[in-house]
Amino acid sequence: MNKATIITELRALAAEGMPDEPEVVETPASEEPEEGAKKKKPAPPEPRKNGLLELDYVRRGVHVDVQMAADQVVRGAEILDAEGLQLEAITGVDWIKENELEVVYDFSYTGGECFRVVLRVRIPRDEANIPTLNDVFPSANWHERETYDFFGINFEGHPQLENLLLPEDSDFHPLLKDFKGL
Amino acid sequence: MGSQALSQNNETFEINLGPQHPATHGVLRVKLTMDGEYIVDAEPVLGYIHRMHELMGENRTWAKYLPNMGRIDYLSALSYNLGYVQLVEKMMGIEVPERAEYIRVLTTEMNRISSHLLWFGAFVLDLGGFTPLLYAFDDREHILDLLESVTGSRLTYCYYRFGGLYNDVDDDFLTGCTQFLKRLRSRMPMYHKLVTGNVILRQRLVGVGPLSAEMCRKYGATGPVLRGSGVNYDVRKNEPYSIYPELDFDVPVYSDGDSMARYMVRMDEIEQSMRIVEQCIAKMPQGEIKAPKVPKLIKPAIGDYYHAVEAARGTFAIRAVSDGKNQAYRMKLRAPTFCNLSLYQEASKGMLLADALAFMGSLDLVIPEIDR
Amino acid sequence: MDLNLVHMVLFLVGIIAFAAGNAAYLVWVERKGAARIQRRTGPCEVGPAGLIQPLADGAKLMSKQIVFPDGIDKPLFMLAPMFAMIPAVMIFVTIPFGPVGFGPFADFMIVAREMNIGLLMILAFASVNVMALLLGGWSSKNKYAVISAIRGVSQGIAFEIPLVITAITIVMISGSMQLSTIVEAQAGGFWNWNWMPLQGNLFGPVSFIVFFICFLAETNRAPFDLGEAESELIAGFHTEYSSMGFGLFFMGEYANIVIGASLTTILFLGGWTSPFPEFVPVLGASSFLWFLLKIYLLIWTVVLIRWTYPRVTLWSLLNLAWKILIPFALINLLGSAVLIKILPMLGL
Amino acid sequence: MAGYFNSILTGTKSLVTGLLITQAEFFKKPVTLQYPHESLEMTPRYRGHIQLVKNPETGTHQCISCGMCQKGCPSGCITLKGVKQEGVKGKVLVQYDLDFTTCSLCGQCIENCKPGAIEFSLEYNLASTNKEDFHYDLLERVKEQK
């Protein structure tokens with residue numbers, strides 16, 4: 001595993017298709033110092049642009065955080081696969097205010113030095129389509145099925161996109177923020 | 001999933017292993033397509049004990065979510081407690097007093113021993129040997145008694161608090177631990193003679209269900225399954241948390257990748273955990289058990305946080321997304337056996353039914369943890 | 001009145017009582033023994049030390065409903081448990097328990113019907129046991145039961161071969177198939193028993209172990225209980241049986257253990273003869289009590305084995321039979337033949 | 001060929017060792033407890049259902065009806081009601097119900113209780129076929145307590 005290669009390649013990948021902008025590492029609201037917690041009402045964070053952030057591992061638990069477009073995620077996983085990382089989990093987050101769903105991929109390195117990478121993709125809520133990682137990491141199969149269960153995200157090309165944890169005949173997605181219970 | 005008979009012109013038949021089956025330890029169902037005694041395809045069907053802990057995490061305050069942690073993997077509940085409180089401490093930047101850290105590691109490792117002992121018994125039971133189960137339970141009972149005397153519960157612990165512990169341990173507990181370790185030390189050779197050395201057990205485990213390191217990586221397997229495949233990865237060593245860097249212990253690694261290797265990894269981990277407990281008792285500092293300043297209202301800064309710990313079955317990780325409120329916006333629980341089981345379908349192809357069950361046992365499944 | 005008839009009826013009743021009583025109380029021994037091995041107490045509520053437990057179990061089994069699942073082959077389904085129990089009772093007819101050994105009837109042989117082909121008859125009836133497995137498993141319309149039936153048949157066939165070969169060795173040594181003749185040939189102390197090499201059977205200990213393993217496998221006892229491997233096949237061939245259907249299978253299993261132990265005792269352990277007739281005159285030189293002592297010691301070994309070992313797989317079981325037991329049994333047969341028949345013929 | 005015999009020998013040895021171990025265990029005493037006849041003393045920290053602490057001096061509870069336990073309960077199994085009474089400072093507890101069927105025994109109510117008015121009881125062998133039997137009126141129970 002070579003950290004520098006991963007960071008360079010992912011940075012290049014995430015920057016693809018983005019309008020050329022000066023390299024301003026925007027510190028999103030999530031990077032606020034700790035005192036931010038004490039404010040009564042933090043200002044609504046600016047929507048984050050695609051790109052790579054190197055985070056403070058001690059505070060966040062991940063080293064590299066990359067936001068990319070939906071069609072880049074397979075390439076991103078391939079970069080990480082080539083460097084010997086493993087896919088630890090896939091999950092979603094429902095950003096209902098922005099009318100977006102976020103798919104989060106957690107990667108970690110088990111070969112020695114600790115290195116955690118997270119890929120995230122924002123997709124529109126009403127057109128929640130994203131390519132599957134099943135061909136790169138077979139473990140994505142179940143994680144994606146679980147995410148499909150909970151968020152209704154359609155993983156294009158998934159061999160068996162059926163409910164995994166919820167009953168086979170369920171048609172609700174409980175982790176969507178507009179889920180009101182049964 | 002297409003399924004073809006292993007030999008031509010042979011018929012296959014489907015058989016349901018579970019959801020109520022003696023070998024699945026709970027409510028796991030495996031849809032087996034069999035060609036005689038050979039497995040053509042084994043598809044695990046999950047969700048029979050799904051409780052949606054993740055949604056509960058979004059509806060409860062950070063403190064109120066604590067009891068849930070004891071109920072995900074009820075066999076190593078303290079590892080889960082630890083992972084969660086450490087995540088919140090990470091988010092809030094709370095410093096934990098040293099004594100509390102030592103007690104946390106001590107109790108977590110005792111819990112790990114008890115989890116491995118139960119696995120040991122249940123695994124041999126899967127293979128048809130009944131007696132070692134009760135010997136293991138006899139030892140485990142001592143651990144449960146000890147943990148009960150400090151935490152108050154026997155299985156679904158809720159002992160750690162943000163910034164410390166629920167209550168302090170006393171000297172009785174520490175001497176009890178020392179005595180127990182002495183007892184277990186004298187019992188381990190008996191286990192090895194009775195079970196590990198047994199020719200029938202070796203025949204059933206050696207070479208059964210080999211997993212390559214590459215396959216473990218592709219499927220995200222962690223814990224003893226990964227270490228049984230020759231990968232030296234333990235969150236306690238690779239990504240040290242709490243006071244583990246100060247303790248002297250080894251990570252047992254076996255490179256064969258078969259069920260016997262996984263068995264040996266867990267048996268050696270019992271020994272290593274005993275070493276850790278001993279060091280904790282010897283080094284136990286005096287002092288406070290709770291951080292002096294723990295905010296009453298837990299409102300972490302906006303952002304997402306990730307924390308991983310080594311539970312008895314592998315890497316347990318939480319990804320929490322906070323929107324600055326007193327509840328989590330999103331709480332993702334990454335359960336180790338979920339990934340460990342996902343390789344079952346591929347790895348069990350072409351196995352005999354009996355071997356497939358031995359292999360399943362060697363993965364150490366706890367179904368409530370998979371289904372969450 | 002025909003005394004012979006009275007003799008027959010009395011023995012028939014006695015045999016059935018012995019078979020059923022043993023089956024019931026061996027369950028108690030097994031449960032209690034297993035409990036103590038595992039540091040538990042075992043049955044202790046019904047009667048002193050749980051001694052009435054088997055009767056309570058029996059009453060419970062008899063009072064339960066027999067469930068016939070949909071789609072089963074009903075005649076075969078009903079026939080199978082009988083196949084498990086009836087041959088077992090039949091075999092007891094020809095097993096000699098030995099002379100009373102003391103009192104006014106010291107020379108009275110306790111045996112229902114001594115036959116000169118007794119061993120052959122026992123082996124013939126013992127192989128019917130496989131039929132019970134096959135029919136029970138097949139007719140249940142349960143996939144687990146079918147797998148169990150198939151396992152049971154391949155296991156039964158594989159282990160019958162070394163069993164019979166070893167028995168032939170003994171027949172060759174004793175020159176008879178009559179069980180009492182075989183026992184009397186071993187009289188005069190334990191060094192004369194067939195499992196000791198002194199008897200002219202140089203491979204005695206090996207053939208004894210081979211026979212014992214085959215007896216374990218034939219009776220489907222752990223570690224060879226592949227037919228009812230509870231962690232794999234639920235309960236195997238008797239998954240669908242309830243009430244006395246299950247009860248008969250259960251009793252058949254224990255009756256078969258008693259038969260196996262009796263046969264091992266007769267063939268290898270000198271039957272009812274005392275191990276040291278001249279030195280320690282306990283229980284007399286030959287008494288049925290010696291016989292019972294020996295078979296119960298063997299049965300205890302069987303129980304201990306069940307609660308010690310994990311289960312073997314089908315493949316290693318068949319490997320054991322075909323690669324180890326059968327070669328050993330054959331070499332044993334040849335060696336004994338050379339020692340006993342050919343060398344004397346050559347005048348050595 | 002040597003390997004063949006060697007494996008048979010070591011295999012047999014391991015089997016005999018196993019038999020000796022189980023036979024030795026057979027002669028040891030059982031470690032189990034015959035439950036209905038004997039039962040265990042619970043350790044002082046055992047977490048049974050909660051109860052109100054009885055003050056030996058006043059003979060009654062010390063609850064100030066602040067409701068912190070109710071607020072902090074993850075499963076919402078505590079219902080309490082305090083009313084203002086004339087001549088008494090603070091509120092007087094008139095109802096304290098515990099729905100033990102949903103309690104997870106986490107201990108947060110006890111931690112939240114400033115005056116230390118609730119504690120864990122040591123009762124553990126609770127069984128009933130009726131759910132209602134686990135709805136405790138703790139005010140009644142504190143009166144029955146010794």
Side-chain angles (χ1 to χ4, degrees), chain B residues 56 59-71 81 129-132 134-135 137-139 141-142 144-159 161 164 166-170 172-173 176 187 189-203 290 296, chain D residues 4 6-26 28-33 40-50 68-78 102-114 116 119-124:
Chain B
M56 279 187 237
N59 292 335
R60 294 177 164 201
T61 60
W62 294 97
K64 282 186 183 180
Y65 194 49
L66 260 175
N68 285 51
M69 284 297 133
R71 285 156 176 83
N81 272 251
F130 196 91
T131 305
L134 294 189
Y135 294 166
F137 263 61
D138 184 11
D139 284 334
E141 196 65 20
H142 285 79
L144 295 190
D145 283 346
L146 283 168
L147 289 180
E148 187 199 315
S149 72
V150 288
T151 67
S153 7
R154 293 178 74 79
L155 204 63
T156 50
Y157 308 105
C158 179
Y159 178 49
R161 293 290 188 266
Y166 180 75
N167 49 22
D168 203 355
V169 301
D170 47 15
D172 283 354
F173 172 73
R187 296 268 286 190
M190 187 271 273
Y191 289 142
H192 283 303
K193 268 192 219 156
L194 178 64
V195 181
T196 316
N198 190 294
V199 62
I200 300 175
L201 184 106
R202 296 196 86 90
Q203 270 180 355
K290 202 145 190 188
K296 262 241 116 82
Chain D
Y4 174 81
N6 205 13
S7 65
I8 293 178
L9 263 180
T10 48
T12 318
K13 200 179 145 218
S14 77
L15 295 180
V16 174
T17 327
L19 279 188
L20 290 179
I21 290 172
T22 39
Q23 183 65 66
E25 295 286 322
F26 175 78
K28 292 183 189 163
K29 265 198 171 148
V31 291
T32 50
L33 202 78
L40 278 176
E41 272 289 306
M42 284 296 110
T43 51
R45 282 184 186 171
Y46 179 77
R47 299 184 182 185
H49 65 80
I50 56 165
M68 283 311 284
C69 47
Q70 191 177 358
K71 238 184 184 171
C73 178
S75 12
C77 54
I78 298 173
T102 59
C103 176
S104 54
L105 296 168
C106 62
Q108 299 203 8
C109 45
I110 293 174
E111 271 190 326
N112 285 351
C113 188
K114 283 261 163 58
E119 63 177 1
F120 286 120
S121 66
L122 296 185
E123 277 176 43
Y124 67 98

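Letters A, B, ... are given to chains in the order of the sequence lines, protein chains preceding strands, and every chain is numbered from 1. The model shown is predicted, which means the values in this text are computed figures rather than measured ones.
Contacts of V150(B) with chain D are made by both backbone and side-chain atoms, with heavy-atom separations under 4.5 Å. Contact annotation for N198(B): both backbone and side-chain heavy atoms come within less than 4.5 Å of a heavy atom of chain D. Looking at T22(D), the atoms closer than 4.5 Å to chain B (heavy atoms on both sides) sit in the backbone and in the side chain alike. Of the two parts of Y135(B), only the side chain, counted from C-beta on, holds a non-hydrogen atom closer than 4.5 Å to a non-hydrogen atom of chain D. Residue T156(B): no heavy atom, backbone or side chain, is found under 4.5 Å from chain D. Contact annotation for T17(D): only side-chain heavy atoms (C-beta onward) come within less than 4.5 Å of a heavy atom of chain B. T151(B) touches chain D through its backbone: at least one of N, CA, C or O sits under 4.5 Å from a heavy atom, while the side chain does not. Using a 4.5 Å cut-off between heavy atoms, L40(D) makes no contact with chain B at all. Only the side chain of F120(D) comes within less than 4.5 Å of a heavy atom of chain B; its backbone N, CA, C and O stay farther away. Contacts of R71(B) with chain D are made by side-chain atoms alone, with heavy-atom separations under 4.5 Å and no backbone atom involved. Interface residue R161(B): only side-chain heavy atoms are found under 4.5 Å from chain D.
Taking the ring centre of Y166(B) as origin, the terminal cationic atom of R47(D) falls inside the region bounded by 6.0 Å and 45° from the ring axis.
Here the CG-CZ distance, from D170(B) to R45(D), works out to 5.5 Å after rounding to the nearest 0.5 Å. Atom OG of S153(B) and atom OH of Y46(D) lie 8.5 Å apart (nearest 0.5 Å). Note: S75(D) OG to M56(B) CE = 10.0 Å, rounded to the nearest 0.5 Å.
Counting only heavy atoms from C-beta outward, the side chains of L15(D) and I200(B) approach each other to under 4.5 Å. Counting heavy atoms from C-beta on, the side chains of P67(B) and Q108(D) come closer than 4.5 Å.
Distance alone, capped at 3.5 Å, is enough to place a donor-acceptor pair between the S14(D) side chain and the V199(B) backbone.
Taking both residues in full, the closest heavy atoms of K193(B) and I21(D) are given as CB-CD1, 3.7 Å, listed atom of the first, atom of the second, then distance.
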